[in-house]
Amino acid sequence: MKEIEKEKTGTLYIVATPIGNLEDITLRAIKVLKEVDLIAAEDTRHTLKLLNHLEISKPLISYHRHNEDIKTDILIKELKQGKQIALVSDAGTPGICDPGEEVIKKCIEEEIPIVPIPGACAMINALICSGLDTKEFVFIGFLPLNKKNRKEKLEEIKNTTKTIILYEAPHKLETTLKDLKDIIGDRKIVLARELTKIHEEYIRDNIDVLIERAKELKGEIVLMIEGAEKKEENNLLDLSLEEHYVFYKEKGLSKKEIIKQIAKDRNVNKNEIYQKFIDRN
Ligand code: SAM
């Protein structure tokens with residue numbers, strides 16, 4: 001069966017492409033690129049190189065940050081006329097720090113089907129080999145350049161207990177590391193550089209060493225920061241009331257002190273807590 005069934009309205013396929021190594025493209029992505037009527041690309045010249053490598057010849061239309069509005073309208077019109085369209089960015093997954101959001105939102109509004117074609121994404125591949133906590137993480141993308149917004153974002157980063165993932169251009173790495181040091185202080189940092197390429201490497205070091213080395217680090221970089229240590233109070237709120245009681249009991253607090261402390265931690269009236277433990281010694 002063909003990957004693409006002809007329907008009245010076309011489908012927009014969001015196709016991930018390699019982030020370096022050209023072999024990192026899925027069989028399904030190749031099939032979709034071969035079968036669509038049109039490929040919308042962030043940079044048509046860049047995508048042409050990939051298509052030539054895959055021996056695919058298709059009409060290309062540019063779809064980048066600065067023409068997203070106009071090109072969204074054109075793509076929607078084509079989709080409504082039954083054209084099957086693939087959207088690709090220069091590298092990795094479209095929509096992740098790359099154009100895509102506008103046309104996807106518009107497709108949802110217009111009830112045009114959208115299908116993701118999974119593949120490479122720098123942040124996921126950086127994270128999985130980082131050695132940092134992968135259970136919970138926050139993807140920030142590029143830090144804002146505006147001073148005030150940047151400071152606010154860095155303050156947010158300082159307080160999050162989850163692994164933080166940033167994208168950064170090599171020539172801005174030193175400044176970003178210095179800003180991180182100023183606001184969050186010394187924290188475990190992992191740099192994933194040139195993923196899937198010849199000079200791929202992970203650099204795990206403290207912030208001062210990384211600042212020293214920043215100038216010599218060329219190529220594409222994902223910067224990951226270990227989350228802030230969880231405060232005891234945060235953990236306590238995850239406990240059941242009974243566990244919360246035992247926690248303070250084991251610390252040697254009296255019943256009265258425990259009730260007072262639980263009420264404070266949970267920001268509730270202490271009588272409420274007292275009622276729950278009325279029979280407790
Ligand atoms: N859409 C892409 C994705 O799925 O990851 C991201 C595009 S964003 C414009 C480019 C940024 O992604 C780079 O500045 C870098 O931070 C990161 N990046 C892309 N390719 C990379 C690679 N091979 N190694 C490390 N980081 C990479």
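The structure presented is a predicted model; accordingly, all values stated were derived computationally and were not measured. The first residue in the sequence is number 1, and the count goes up from there. Just so you know, ligand 1 is whichever comes first in the structure, and atom 1 is the first atom listed for that ligand.
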With distance as the sole test, does K58 use its side chain to make a donor-acceptor pair with the main-chain N or O of V36 at under 3.5 Å? yes
Check for a donor-acceptor pair, side chain of H46 on one end and backbone N or O of D90 on the other, with a separation under 3.5 Å. yes
Of E102, E68, E42, which is the lone residue that meets side chain to side chain donor-acceptor pair (under 3.5 Å) with Y63? E68
Are the side chains of L50 and P18 in touch, meaning some heavy atoms are under 4.5 Å apart? yes
Pairs under 3.5 Å, N/O atoms on ligand 1 and on the protein: can you put them in a table with the distances?
from	atom 1	to	atom 2	distance (Å)
ligand 1	1 (N)	A91	O	3.2
ligand 1	1 (N)	T93	O	3.0
ligand 1	1 (N)	I96	O	2.8
ligand 1	1 (N)	D98	OD2	2.8
ligand 1	4 (O)	T93	N	2.8
ligand 1	5 (O)	A122	N	2.9
ligand 1	5 (O)	Y167	OH	2.6
ligand 1	16 (O)	E168	N	3.3
ligand 1	16 (O)	I221	O	2.6
ligand 1	20 (N)	E220	OE1	3.3
ligand 1	23 (N)	I19	O	3.0
ligand 1	23 (N)	L195	N	3.4
ligand 1	23 (N)	L195	O	3.0
ligand 1	24 (N)	L195	N	2.9

Do S89 and D98 meet the criterion of a side-chain donor-acceptor pair at a distance under 3.5 Å? yes
No-hydrogen, no-angle side-chain donor-acceptor test under 3.5 Å, R45 and S62: no
